[in-house]
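Each remark here refers to the structure printed beneath this line.
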Amino acid sequence: MNKYIQELNESQKAAVLHKEGPMIIIAGAGSGKTRVLTYRIAHLMNQNIDPFNILALTFTNKAAREMKERIANVVGTSEAKNLWMGTFHSVFARILRSEADHIGFPQNFTIYDTQDAVRLITSIIKEMELDKEKYKPKQILARISSFKNSLITVRAYFGNPDLIEADKMAQRPKVGEIYHQYVERCFRAGAMDFDDLLLRTNELLTRFPAVLSKYQQRFKYILVDEYQDTNHSQYLIVKALADRFQNICVVGDDSQSIYAFRGANIQNILNFQRDYDNVQIFKLEQNYRSSKNIVQAANSVIEKNKTKLDKEVWTANDEGSKVKVKQTVNEVTEGRFVADSIFDHKMNDHLKNSDFAILYRTNAQSRALEDALREKDIDYVIYGGISFYGRKEIKDVVAYLRILINPNDEEALKRIINYPARGIGATTIDKLAVAANHYKKSIFEILENLDQYDLNFNSGTRTKLLNFVTMIQHFQIEAQTKNAFEVAEFVIKQVRFIKDLEQDGTPEGVSKVENVQEILNKVKNFTEEQKEKAEDDSLAHFLETAALETSSDVATKDDKPRVSLMTIHLAKGLEFPYVYIVGLEENLFPSAMSMTTRSELEEERRLFYVALTRAEKQAYLCHAQMRYRWGKLVDCEPSRFLEEIDEKYLENLTTVNHKPVQNKFINEDIFGSVPQDRIRFKKPIQRTPVKPTSAPKVEFQPPKNLKKVVKTTNNPINLFDANISVGAIVSHTKFGKGEVLSLEGSGANQKAEIRFASVGVKKLLLQFAKLTIIS
DNA sequence: ATCTGCCGAGTTTTT
DNA sequence: CTCGGCAGAT
């Protein structure tokens with residue numbers, strides 16, 4: 001028996017050793033799923049199965065890389081090299097490249113990111129002269145995306161009266177037409193969006209039996225990680241490929257399905273046993289990651305979900321300390337609490353920054369945390385958020401590179417045809433776009449043969465356009481002899497990107513220059529690494545990698561240990577000794593957008609479960625009494641998830657009864673001094689009481705009189721919850737002076753009836769009204 | 001054609 | 001608060 005097998009428990013071992021046929025591994029959080037997957041692959045290879053015949057689909061590129069490394073440790077680097085491992089999107093993008101001609105795409109097709117897709121939809125809506133209030137590009141794209149993920153093609157859409165009817169009812173009868181246009185335009189541009197990578201793969205495998213057969217033959221063993229987060233399109237691809245040999249191994253945890261919003265179908269994992277014959281089921285239920293308190297606290301929450309598979313996660317680990325709950329006044333104090341707590345743990349327990357993670361529901365929450373960490377000089381790294389490739393200056397550089405590879409790429413062309421400014425304005429571009437549509441060509445094709453079309457350009461415009469084309473063609477010729485890095489460098493120099501940015505001299509300009517230099521570095525590193533590995537180092541491949549880079553893939557420049565900040569979605573699959581989950585408030589987590597249906601709420605609950613189970617030793621759950629959202633101060637109620645945790649696993653750090661704050665993290669830092677700004681909390685400013693209404697019954701009820709202590713800003717005055725009383729004279733930014741006639745409601749719902757001299761009596765929600773008190 | 005500045009709108013999560 | 005869109009001036 002091989003050595004690595006001995007490291008496994010009985011159920012893990014069974015899952016690793018099982019050889020042929022369909023199998024599902026239900027892997028509870030922290031149950032050694034990755035270990036099983038890597039050892040299973042290594043074991044297959046030790047059984048003389050050619051790595052060339054193994055396909056492993058992971059959720060992130062990072063997961064793929066790490067797993068590959070671990071496998072290489074067992075079987076050797078050269079052996080592991082032939083394994084095909086990656087995300088659905090990157091694996092099938094590569095397959096599509098080599099098979100592109102079957103479905104009429106150029107080999108160097110572009111991958112449109114979400115921004116490109118939205119822009120394209122926007123122009124289509126404009127061209128069709130539709131009301132963009134009714135047809136919101138983002139929503140339309142979301143709808144198209146859901147069609148694609150369910151394999152509803154344009155033709156299928158028009159053959160389905162229910163869908164057409166639904167869009168009519170939603171006052172959007174033209175959705176089908178937009179969809180049609182969108183697909184057309186992508187096709188003409190030689191571009192695929194993220195969903196196309198899966199949809200077109202399905203097309204390829206369905207329409208071309210020989211191709212299907214080729215890949216079935218090749219991928220004799222297929223493994224799919226995070227199966228609970230696959231969508232219908234992915235499901236069908238897997239099913240098609242596995243059909244021949246039925247050696248399909250899926251791994252997942254229904255309790256951690258958190259991507260329904262992008263089409264993930266939890267039914268895929270729930271129904272796996274029905275989809276394949278003679279399915280072997282393996283359950284990994286022992287958690288090796290977390291303390292008893294954490295595991296049981298998490299279990300007590302997830303129990304509230306109705307839709308789930310039968311499994312019982314347990315651990316033999318120590319009891320550990322209880323999950324700590326902390327209430328703070330606002331997001332600033334929340335950040336400070338976290339930073340102070342991390343600081344203390346580091347000092348007392350000799351820990352590194354990398355032992356800590358801060359998890360939140362939305363990216364926007366990171367700012368307050370960053371500020372607090374910086375104040376304490378704690379190094380951190382943010383995952384996700386606005387990605388490097390999402391920045392304007394980077395998109396501009398990349399657009400030039402994209403055009404070289406695929407000149408039909410319309411979105412890239414539109415970005416750069418007049419950047420830097422070369423006198424080609426909106427009217428000119430519109431004319432070109434209209435002509436392109438009319439002749440069913442790409443804009444670049446029109447430009448290349450400008451003389452053949454009668455477009456009424458004056459000679460100045462014509463010259464500018466011809467110069468542009470010549471420039472691009474010149475770049476293309478250079479690209480034939482230069483490697484990716486040299487091309488990028490050449491283009492940036494020619495276009496005088498950096499000079500342009502340097503001229504503006506602002507700090508933003510400086511950072512943009514740095515970013516442009518950074519993209520050059522990236523191309524350089526890519527070229528060198530690929531060359532080392534004797535793999536594809538073309539510019540086209542670089543662009544593909546860039547387009548499919550996941551937000552969790554970002555690497556930091558140095559190897560300083562850093563506190564990790566990320567959304568919970570990105571934290572899936574990761575683990576940290578100390579985890580802070582912040583913003584546990586109603587309408588934030590669970591999100592206000594996901595509280596209408598039971599299934600949405602269950603997904604939020606799974607998300608919370610994921611968050612909690614990231615922690616090994618200690619979890620902190622933080623919530624604030626109020627925070628700025630949309631630039632406005634709003635009252636926050638503690639999240640229902642806090643109440644759902646069985647109390648016996650919790651310790652409340654929040655001081656009640658108005659006693660001075662006792663928690664050591666709050667009250668004293670290690671130097672024994674109490675920062676000034678925190679002393680203020682002990683002397684809350686009294687405010688005239690608003691007419692009490694029945695407060696909702698909540699555990700962790702905040703001590704109300706702490707409110708309104710911290711003024712984070714003094715510009716827009718929101719009177720909500722402030723000193724307003726009947727009879728007061730106020731001034732409104734729009735309506736002018738008025739008198740308060742009556743008040744009703746409280747908190748976020750407090751309304752005032754005000755008589756204005758200009759417009760008469762109005763009822764205003766104080767939360768939003770821009771009022772100042774005059775007397 | 002381009003630049004500036006204002007207004008208004010919208011912010012969940014991501015390949 | 002932060003983008004994006006648009007109107008108006010140059």
Side-chain angles (χ1 to χ4, degrees), chain A residues 57-64 86-93 111-115 117-119 122 126 132-133 136-139 142 145 148-149 192-198 226 229-231 233-234 257-264 359-365 367-368 383-387 389-392 418-429 458 460-461 464 504 544-553 566-572 583 587-595 600 603-604 606-608 610-611 627-633 712-713 715-716 733-734:
Chain A
L57 297 166
T58 58
F59 201 71
T60 63
N61 296 312
K62 190 171 157 222
T87 62
F88 272 90
H89 290 87
S90 59
V91 165
F92 295 110
I111 298 172
Y112 275 175
D113 65 16
T114 310
Q115 207 185 111
V118 171
R119 288 178 116 154
T122 309
K126 220 182 234 166
K132 67 174 171 1
E133 289 310 304
K136 296 195 172 155
K138 267 191 193 156
Q139 284 178 17
S145 169
K148 287 184 177 174
N149 285 329
M192 297 198 200
D193 66 16
F194 291 133
D195 304 318
D196 286 331
L197 295 175
L198 307 174
E226 309 282 9
D229 282 322
T230 51
N231 63 32
S233 202
Q234 293 168 322
S257 168
I258 54 176
Y259 280 95
F261 71 91
R262 69 172 210 220
L359 308 181
Y360 37 77
R361 180 66 178 80
T362 67
N363 284 306
Q365 287 166 258
R367 179 166 288 186
Y383 292 87
I386 310 147
S387 83
Y389 290 102
R391 293 168 199 276
K392 184 186 174 302
N418 198 32
Y419 183 84
R422 43 177 80 88
I424 302 172
T427 31
T428 308
I429 297 169
N458 64 38
T461 309
K464 288 170 190 162
D504 88 11
E544 178 190 308
T545 318
L548 297 175
E549 182 176 273
T550 47
S551 8
S552 52
D553 289 338
M566 66 188 94
T567 64
I568 299 160
H569 282 89
L570 283 183
K572 192 173 72 161
N587 294 324
L588 182 57
F589 191 14
S591 158
M593 319 294 288
S594 310
M595 304 208 305
E600 281 176 339
E603 176 145 317
E604 293 285 309
R606 290 193 294 268
L607 195 54
F608 180 58
V610 169
R627 75 171 62 230
Y628 272 94
R629 292 186 76 186
W630 310 289
K632 301 224 163 64
L633 194 58
T712 322
T713 174
N715 23 337
T733 47
K734 223 189 210 154

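Scope of the values below: all heavy atoms of this structure, side chains included, with no hydrogens, waters or symmetry mates. Chain A is the first sequence line, chain B the second, and so forth, proteins listed ahead of strands; every chain is numbered from 1.
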Looking across every strand, which nucleic acid part, if any, lies under 4.0 Å from [X] by heavy atom: base, sugar-phosphate, or nothing?
X: A/Asp113; value: nothing
X: A/Thr114; value: base
X: A/Lys464; value: nothing
X: A/Tyr259; value: sugar-phosphate
X: A/Asn363; value: sugar-phosphate
X: A/Arg367; value: sugar-phosphate

Using whole Å, report how far [atom1] of [X] lies from [atom2] of [N].
X: A/Tyr383; N: B/dT15; atom1: OH; atom2: P; answer: 14 Å
X: A/Gln234; N: B/dT15; atom1: CD; atom2: C1'; answer: 9 Å
X: A/Lys126; N: C/dG4; atom1: NZ; atom2: P; answer: 13 Å
X: A/Phe608; N: B/dT12; atom1: CZ; atom2: C1'; answer: 17 Å
X: A/Gln365; N: C/dT2; atom1: CD; atom2: P; answer: 16 Å
X: A/Leu570; N: B/dT13; atom1: CG; atom2: C1'; answer: 9 Å
X: A/Lys572; N: B/dT14; atom1: NZ; atom2: P; answer: 12 Å
X: A/Leu198; N: B/dT15; atom1: CG; atom2: C1'; answer: 8 Å

For this session: Report the residue (A/Ile424 or A/Ala364) whose heavy-atom-nearest nucleotide on DNA chain B is the more 5′ of the two.
Result: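 Its nucleotide being nearer the 5' end, the pick is A/Ile424.
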Exercise. Which comes earlier along DNA chain B counting from the 5' end, the contact point of A/Glu600 or that of A/Thr427, where each point is its nearest nucleotide?
Worked result: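 Its nucleotide being nearer the 5' end, the pick is A/Thr427.
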When you measure from the side-chain N and O atoms of [X] to the phosphate of [N], is any distance below 4.0 Å, counting only OP1 and OP2?
X: A/Asn231; N: B/dT15; answer: no
X: A/Ser90; N: B/dT15; answer: no
X: A/Lys136; N: B/dG10; answer: yes
X: A/Thr428; N: B/dA1; answer: yes
X: A/Thr60; N: B/dT15; answer: no

Problem set entry | Residue pair A/Leu198 / A/Lys148, side-chain heavy-atom distance below 4.5 Å |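 No. Closest side-chain heavy atoms not under 4.5 Å.
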Problem set entry | Side-chain heavy-atom pair A/Ile258, A/Val610 within 4.5 angstrom cut-off |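 In contact.
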Can you figure out which of [options] approaches the side chain of [X] most closely?
X: A/Ser591; options: B/dA1, B/dT12, B/dT2; answer: B/dT12
X: A/Phe194; options: B/dT15, B/dT12, B/dT11; answer: B/dT15
X: A/Asn418; options: B/dT12, C/dC6, B/dT2; answer: B/dT2

Exercise. How close do A/Ser594 and A/Arg361 get, heavy atom to heavy atom, and via which atoms?
Worked result: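 Closest pair (atom of A/Ser594, atom of A/Arg361, distance): OG-NH2, 4.3 Å.
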Exercise. Any idea how A/Tyr259 and A/Phe59 line up, ring-wise: parallel (<30°), tilted (30 to 60°), or perpendicular (>60°)?
Worked result: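 Judged by the thresholds at 30° and 60°, the geometry between A/Tyr259 and A/Phe59 is tilted.
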For this session: Could you work out the separation of C/dG4 and B/dT13 based on their C1' atoms and round it to a whole Å?
Result: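 Roughly 22 Å separates the two C1' atoms.
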Problem set entry | ring centroid sep under 5.5 Å plus plane angle under 30, A/Phe88 with B/dT15 |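 Stacking between A/Phe88 and B/dT15: absent.
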Problem set entry | Main-chain N/O of A/Ile111 paired with A/Glu544 side-chain donor or acceptor, under 3.5 Å |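 Not at all, since once roles are kept as given, no pair shorter than 3.5 Å links the two residues.
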For this session: May I ask you to check whether over 12 heavy atoms, not counting those of A/Arg422, lie within 6.0 Å of atom CZ?
Result: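 Result for CZ/A/Arg422: enclosed.
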